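Everything quoted here is computed from the prediction, not taken from an experiment. Proteins get letters first, then strands, A, B, ... in listed order; numbering begins at 1 in each.
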Amino acid sequence: MAVEDCEPKGQVKLLGTSQSPFVVRVRIALALKGIHYEYIEENLQNKSPLMLQSNPVHKKIPVLLHNGKPVCESMIIVQYIEETWSSKAPNLVPKDPYDRAIARFWVAFVDDKVGPCIRGIFMGRGDEQQKAVEELVANFLWLEEALRTSGKAYFGGDEIGLVDIALGSRSQWIKILEKVTNIVLIEPEKMPLLRAWMERFLEADGVKQVLPDEAKMLEFASAIRARFAAAPAGN
Amino acid sequence: MGEGEEQVKVLSQWPSPFAIRVLIGLEEKNVRYESLEENFASKTELLVQMNPIHRKVPVLIHNGKPICESLIILQYIDEVWPGSNSFMPSNPYDRALAKFWADFIDTKFLGTGIHGILKKTGEAQEEGKRYMLEYLGLLEGVLKEFSAGGSKPYFGGEQFGFLDIAFICHTCWFEAMETLGKWKIPWESEFPRLLEWMKKCRERESVHKIFPDPHKILEYAIKFREGYLRSN
């Protein structure tokens, strides 16, 4: 997909790391809007002065720097991108206030409910892990229901929107989690729409070009899990 | 419901800062609404129907359609009833900043700060107090910047806006938090801008009307803390 030169809206930089699904969110939004930017890979073990200066409160990535001014928190950045380049299709945020509130609700759901479950499954063992699996499956069933109600290809409708970006960015991790733990989290019989949506999203223009390499992700995930498995129980 | 008449209901609980936030928002916009008090012991059928996933207040029900999550509700109120007082800043960058700090307030400030005092004892509570002072320091700085060095009254500048409403609702718990933590926050010496800002906000009709009696909050907070410590 051709990335146009950015409009006279200034200079855009993105601080990130290659594996982070939160960085992927921002990259997807920038790609969909055709915004040209400079990507700077951060080393989280040795955070750059720019990163610490741009996000002193959380010291995390992603950080979007627009004409030198930092915007932090991935979904806040995505909405900022939408508002700043609002005349560029696609529209990532619904126009109707009610639909917008629903989209924001699901975004919060992904980060407040789905996120911790993914972490719990990845890091947990035994009963703790099982509980996280059950909770994640229950959360996915809600999302399946939301897709069924919308009846469209994406949560955002015919095109990718806020919720697709929020959840879709974690799709790779979900697939990797299934491989690394040997647990099927999105069963095709129980959640056909969600499974189909995920495959569609990962193949979509604007998404597939910015996804981290799956083999590298798997290696990265396996390494973290091995490190945790080696640690004494209770840590 | 008459023709053309809007129906606005809020499922609420009087001590909840999140519910207080929504009610202040509606008052600021002069929206007529009905507040329905949820009890603590059990959840009403209406709450479960309107917020099946989280089963929590506040829920705004606008012409029968539910909106959940207080910050999302606040933005919805601002967008549906724009009126003459926009909660949100006019440019995307300032909007992003307002959302960032509101998120900070609901996560770090509330979770590690306020709850670090209400839900903890001993050294853990002392740590909560240290975080609280650190975060208040950050917010004092933010207020200085957003109020153009104090020449404007609010986080929203001239406008009592999104971030003001997002933060003020937590302040009605401060006295209870100080009492339960057996300490006094050095407002005058360390956070004079925040102190002035709180006084100004409390003078607003909306805040004055919605804020619960601090003694009632303290009573509730004591029970809340006892209950929490007993089961954890």
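- There is no side-chain donor-acceptor pair under 3.5 Å between His66(A) and Gln11(A).
- Ring to ring, Phe167(B) and Trp101(B) are not that close: their centroids are 6.0 angstrom or more apart.
- Both the backbone and the side chain of Tyr98(A) come within less than 4.5 Å of a heavy atom of chain B.
- Taking Tyr76(B), Tyr135(B), Phe104(B) one by one and counting their heavy-atom pairs under 4.5 Å with chain A, the maximum is reached by Tyr76(B).
- Checked options Val26(A), Leu14(A), Leu65(A); the residue passing with Tyr37(A) is Leu14(A) (criterion: side chain to side chain contact (heavy atoms under 4.5 Å, CB included)).
- Interface check for chain A: of the options Lys65(B), His62(B), Lys108(B), the most heavy-atom pairs under 4.5 Å are formed by Lys65(B).
- At least one side-chain heavy atom of Ile81(A) sits less than 4.5 Å from a side-chain heavy atom of Leu64(A).
- Contacts of His54(B) with chain A are made by side-chain atoms alone, with heavy-atom separations under 4.5 Å and no backbone atom involved.
- Within the 4.5 angstrom heavy-atom criterion, only side-chain atoms of Arg100(A), from C-beta onward, approach chain B.
- Heavy-atom distances place no part of Asn91(B) under 4.5 Å from chain A, backbone and side chain included.
- No other option in Leu71(B), Ile72(B), Ile67(B) has as many heavy-atom pairs under 4.5 Å with chain A as Ile72(B).
- Between chain B and the options Gln79(A), Glu73(A), His58(A), Lys113(A), the largest number of non-hydrogen pairs under 4.5 Å is found for His58(A).
- Taking OG of Ser206(B) as the reference point, atom CG of Leu23(B) lies at 10.5 Å (rounded to 0.5 Å).
- The two residues Tyr80(A) and Pro92(B) have their closest heavy-atom pair at CD1-O, 3.6 Å.
- For the pair Lys190(A) and Phe140(A), the NZ or CZ position fails the cation-pi test of under 6.0 Å to the six-membered ring centre and within 45 degrees of the ring normal.
- For Pro70(A), the parts lying near chain B are the backbone and the side chain together; criterion is any non-hydrogen pair under 4.5 Å.
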